[in-house]
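Any value given below was found using the heavy atoms of this structure, including those in side chains, with hydrogens, waters and symmetry copies removed. We name chains A, B, ... by the order of the sequence lines, and we start the count at 1 in each one.
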Amino acid sequence: MNIIEARQLNIGYGEIPVLHGLDFGIPEGRITVILGKSGSGKTTLLKSLIGLLPPLAGEIRFCDTLLDFRSEKSLQDHYRRIGVLYQNAALLSSLNLFENIALPLRIHRTDLREKDIREQVEKRLAQVGLEQSGGKLPGELSGGMRKRAGLARALVQEPKIVFCDEPSAGLDPITSTQLDRLMIRLNRETGTTLAVVTHELRSVEAVADRVLVLHDGRVHFDGEFGELITQKDPFIESFFLRTT
Amino acid sequence: MIPDVTEKSNRTGPGRARDNKSRDPLLSAPEENAIIKKIDSADRHPVDNRLKKTSPVKKNEPSLLTRLFERTAGSAISRWGQVKDYFVLLSDETSHLVQYLIKRKGLYPGDISRQILFMGYQTLPILILITLLVGITISYTSAAQLKLFGADIYLADFVGIAMIRELIPLMTGIILAGKVGAAVTAEISSMKVLEELDALKTMGIDPVKFLMIPRLIAITVAVPLLVVTANIVGVLGGILIGYFEFGTPPASFVKQMLGVLFIKDILIELLKTTVFGWAVVVSAGYKGFSASGGTEAVGRATTESVVLSIALIIGLDCVFAFFIY
Ligand SMILES: Nc1ncnc2c1ncn2[C@@H]1O[C@H](COP(=O)(O)OP(=O)(O)OP(=O)(O)O)[C@@H](O)[C@H]1O
Ligand SMILES: [Mg+2]
């Protein structure tokens, strides 16, 4: 069962498509990695899937309902069911970590009492190993801590799917491995679907159940991770050659 | 530190001078002149030849007039697009504001009071300083003229009318543009550049509502506070000059001033300044939300926001002058 289905998607800025005729699915409860060279349109694809960039043509289905970019209600429904970890975490710099994570609850869950909010936020902070840092401002955190906090914020509304844009970019191998483990644990323990954009092959090997490779504005490969590494395709081989 | 700086400028001095020389033939040596002439003539010939060869093609190119027209039309269309965007944002904000006032939901708790503190309380010191100085300055300059006619007591009338009807709204607006407008644009545009606005959206939070409503409410609350303070301080400047230049007792100064000012003037002053405050905040938001690019976009947007706010304030002031007085 696919949580997201893309049909004949053209995505781009202005009139010029960056990606053409994409047909793919993101299976529920698994980790799908989106791979591609720099500039291949990974972030662009993600922007469409999370409901920020209307596709030029084609359709995106989420849980079998069409995502209608012209309908505010459809978008809001979509946003309620997704979580996004942005490339630079995109925490609000004026709020401390605790408040950053509490923000979606404070806005949408006005029925919750302060005690419940505190409980939920602390649970999320503990989940990403930041229980000591709730009082700190994002500016006082390291890049890795910010990303973990971003992940905690993405999780606080209990989304069905979490999108991560290059979670390990700019992190040292140890921190990036930590983040990979965190994603795997999240997936295995709560069954949350993940769609992860990444460059790092080590990270792909660690987390990927399924892989989507973008190349030349198209889906170049869409399949299980096991199939990918046995592919006799020059582009994919060149991609893997660099690190192996 | 200072010798260091002069040393540096000395070091760069000769280089700069040489640059100037090569651009200015009068200053350069004769042989350099000759070289420049050679380069000039060598440059011109091929260009002339090429012009001759390509002249038939040139005929098909749009004439200067057409191109000028195209460019003007193009920039007019893009300006019109911007004006439209501005009003779309304004109407969006107004509808969010009305919705918020009805439902009281969807804002970060405490945000409004924090903004009031920033826009009101933290703007007071600079506003007090400037209105006091302007009050003193215009009283002092006009006192000299009034003395010539022995019309001392009319200083009060003049100060009252000039300050309350015109200068205080204008100055408050401009100070708000520089302090509040710049801060709002810098904050919003950097949030845009750092994807924080995208993050808000995908959390189901409308950035326009979340960021602009507290600021619009805050400016509406802060303006009366600022205007009342500015009135007192600005008039105080007049009273001081009246007292020390003409020996007018403060009580008679105030009495004389109240003879020409009506409650209507104060209400119009408040309305005008509130409109200016809105213009500042809406323009700041507009420039912040439409920023795009890297971090340099933040600086650009902030400058543009202040310029736009001040231009709007002066334009609106002109409109008020026509319709009210
Ligand atoms: N805002 C934009 N406006 C116009 N074109 C854009 C914009 N953002 C990206 N592009 C173009 O879209 C293409 C894909 O960009 P995208 O950011 O999706 O690549 P990416 O795969 O995420 O690269 P990276 O791995 O470097 O992050 C690029 O050619 C880029 O120039
Ligand atoms: Mg990217």
Go through the atoms of Met191(B) and report whether side chain, backbone, both or neither lie under 4.5 Å from a heavy atom of chain A.
side chain
Most chain A-contacting option - heavy-atom pairs closer than 4.5 Å, from Ala199(B), Pro109(B), Gly106(B)
Ala199(B)
Does any backbone or side-chain atom of Leu75(A) lie under 4.5 Å from a heavy atom of chain B? Answer side chain, backbone, both or neither.
neither
Leu52(A), part contacting chain B, at a heavy-atom distance under 4.5 Å
side chain
So which donor and acceptor atoms of chain B and chain A come within less than 3.5 Å of each other?
| residue | atom | partner | partner atom | Å |
| --- | --- | --- | --- | --- |
| Tyr108(B) | OH | Glu99(A) | OE1 | 2.5 |
| Asp198(B) | O | Tyr86(A) | OH | 3.1 |
| Thr202(B) | OG1 | Tyr86(A) | OH | 2.7 |
| Met203(B) | O | His108(A) | NE2 | 2.7 |
| Gly204(B) | O | His108(A) | NE2 | 3.4 |

If you count heavy-atom pairs under 4.5 Å with chain B, which of Leu95(A), Val156(A), Ile82(A) comes out on top?
Leu95(A)
Side chain, backbone, both or neither: which part of Leu200(B) has a non-hydrogen atom closer than 4.5 Å to chain A?
side chain
